[in-house]
Amino acid sequence: MKLTDLGERKLIKRFIKKLGESKGDNLEDDCAFIPFGNQYLLLTSDMIAKKTHLPPEISAEQIGWFIVAINLSDLAAKGGKPLGLLLNMGLPSDTSVDFVERIAKGAGKCASFFETHILGGDTKENPELTLAGTAIGMVKKENFMARKGADPGDLVCVTGDIGKGGAGLFALKNNIPNKLELVRPLFEPTPRLKEGMALASSKTVSSSMDLSDGLAYSLHLLKELNGCGFEIEMEKIPTSNEVSKVVDQLDRKQSVKAKKDFTLYSGGDYELVIIVKQEKIRQAVNSVKSVGGKLTPIGKVTKENKVVLIDGGKRSQIRNLGYEHFCGKKGGSSNQSK
């Protein structure tokens, strides 16, 4: 058996089994969380490589921003406040010094924007440009937002707007006009740190994770972890301006399929999917609004172990599709991953 037969998720499960005694839930969440007095120390790591994440159109500054932002997104999903990041670089020997300095500029700009710092890291020679980040954060134990905890009747919500990652990559691959503008949210994602910290402080959240691999893929993962199902209403999902700008340039049949693809099956949005108790939804929405963000209810948790879409009055199952490393694209249109 090869990794192409298995895929990233099944590989991780097999890897965890071989570790022996472990921290259990730590290995199934966005971050490792280590007790530290009345808080958790949060640790998360994410890696990108030229072939799988960095199309030719992305600038060196955007590469630096991207590696920092995707690591901070995992902290956001737990309600964490960042303390800093470590940044490791594998570089081909013929890489220009200017290119590396521009990566550093972009990484520093992103860290500064989110009020944190690059603390150090490692640099090695490598045949392909590869970057790995490690983000460190803190959150009060009572505020920590785990992936597990969803119950039937809870409401499913998302921050921000969905589909910008998939729409941007589609524009890039299909040479849609203004493609570099449309792809900017994909290359320069905004981790929802303020929203995550506000939600954590509100104590309204029963389950949380980020949407790096797409809404459908994330919902299926939460279904498996929580032993529940979801019922999502298509018309309630807030779609981004990038989605509208792309689908408006397609014929009707293409546009319907593309909109659903971008919204459900494409990664690269780095929004949060949040499960909230019904009686606390107003409090949760207001907490995000108070920091300039947006939280939108799009469905509910069900007892039935299925992920169902209601679209135009019709019910259908949302397939477990999205990008997965080693076996490639599974129905989505983004090459971004966790």
Side-chain angles (χ1 to χ4, degrees), residues 52-55 57-58 62 66 69-70 73 156-192 209-222 230 232-274 294-299 307-312 314 316-325 328-338:
T52 52
H53 293 89
L54 307 175
E57 293 84 357
I58 191 170
Q62 288 174 323
F66 186 78
I70 64 175
S73 183
V156 182
C157 308
V158 292
T159 60
D161 296 314
I162 307 301
K164 49 190 172 288
L169 192 62
F170 182 90
L172 198 63
K173 289 184 174 181
N174 293 275
N175 205 28
I176 299 291
N178 300 317
K179 63 180 181 180
L180 293 183
E181 186 65 29
L182 292 169
V183 84
R184 182 173 294 170
L186 179 66
F187 290 167
E188 302 174 34
T190 302
R192 298 303 182 184
M209 70 177 291
D210 87 338
L211 282 177
S212 55
D213 291 323
L215 182 58
Y217 210 46
S218 299
L219 289 172
H220 275 275
L221 183 54
L222 290 175
F230 298 101
I232 305 299
E233 297 184 51
M234 185 70 188
E235 65 179 18
K236 291 185 177 181
I237 302 175
T239 55
S240 69
N241 290 331
E242 290 77 17
V243 171
S244 299
K245 290 177 181 179
V246 171
V247 300
D248 285 349
Q249 299 183 57
L250 305 175
D251 63 39
R252 188 178 183 281
K253 185 176 181 180
Q254 286 180 313
S255 65
V256 171
K257 181 181 183 302
K259 184 176 181 179
K260 186 172 289 188
D261 184 24
F262 301 156
T263 305
L264 298 176
Y265 302 118
S266 298
D269 281 336
Y270 295 94
E271 296 292 346
L272 305 179
V273 57
I274 301 293
K294 179 175 72 172
L295 186 72
T296 306
I298 62 170
V307 183
V308 174
L309 181 71
I310 301 175
D311 187 11
K314 297 180 180 179
S316 61
Q317 289 197 47
I318 298 176
R319 295 174 295 168
N320 186 10
L321 300 177
Y323 184 81
E324 185 171 3
H325 283 284
K329 185 174 67 176
K330 285 186 165 185
S333 35
S334 174
N335 67 342
Q336 306 300 319
S337 185
K338 174 185 179 297

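Here, residue 1 is the first one in the sequence, and each next residue gets the next number. Computed from a predicted model, the values in this text were never measured in an experiment.
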Would you list the pairs meeting side chain to side chain donor-acceptor pair (under 3.5 Å) in which at least one residue belongs to residues 245-256, sequence neighbours left out?
none

Hey, are the side chains of Tyr217 and Leu221 touching, using non-hydrogen atoms and a 4.5 Å cut-off?
no

Gap separating the OH atom of Tyr270 from the CD1 atom of Ile70, nearest 0.5 angstrom
4.5 Å

Considering only distance and modelled atom types, tabulate donor-acceptor pairs under 3.5 Å from the side chains of residues 233-244, sequence neighbours left out.
residue	atom	partner	partner atom	Å
Glu233	OE2	Lys236	NZ	3.2
Ser240	OG	Lys164	N	3.4
Ser240	OG	Glu242	N	3.4
Ser240	OG	Glu242	OE1	3.2
Ser240	OG	Val243	N	3.4

Please verify the inter-ring angle class for His53 with Phe66; under 30° counts as parallel, over 60° as perpendicular, anything in between as tilted.
tilted

Identify, with sequence neighbours excluded, every residue that meets side-chain contact (heavy atoms from CB on, under 4.5 Å) alongside Thr159.
Arg192, Glu195, Glu271, Leu272, Leu295

In this structure, CG of Leu219 is separated from CG of Asp213 (nearest 0.5 Å) by 12.0 Å

Distance, nearest 0.5 Å, that separates CE of Met209 from OG of Ser73
9.5 Å

Sequence neighbours excluded, which residues qualify as side chain to side chain donor-acceptor pair (under 3.5 Å) partners of Thr263?
none

Would you say Phe230 and Leu222 make side-chain contact, with heavy atoms under 4.5 Å?
yes

Flag side-chain contact, heavy atom, 4.5 Å: Leu172 against Pro55
yes

For the CG atom of Asp311 and the OG atom of Ser316, what is their distance to the nearest 0.5 Å?
7.0 Å

Which heavy atom of Val246 sits nearest to which heavy atom of Ala171, and what is that distance?
CG2-CB, 4.2 Å

I'd like to check Val158 versus Asp269 (side-chain heavy atoms, cut-off strictly below 4.5 Å). Are they in contact?
no

To the nearest 0.5 angstrom, please state how far the CD1 atom of Ile232 sits from the CG atom of Leu264.
9.0 Å

Quick check against the 3.5 Å criterion: does Ser266 have a side-chain atom that pairs as donor or acceptor with the backbone of Gly165?
no

Residues 176-189 side chain polar contacts: donor-acceptor under 3.5 Å, at least two apart:
residue	atom	partner	partner atom	Å
Lys179	NZ	Asn175	OD1	3.1
Glu188	OE2	Gln62	NE2	2.8

Given 3.5 Å as the limit, does a donor-acceptor pair link the side chain of Asn174 with the main chain of Phe170, or not?
yes

CG on Leu309 to NZ on Lys260, rounded to 0.5 Å
5.5 Å

Mind checking what makes side-chain contact (heavy atoms from CB on, under 4.5 Å) contact with Val308, not counting sequence neighbours?
Lys306, Arg315

Any donor-acceptor pair under 3.5 Å from His220 side chain to Ile318 backbone
yes

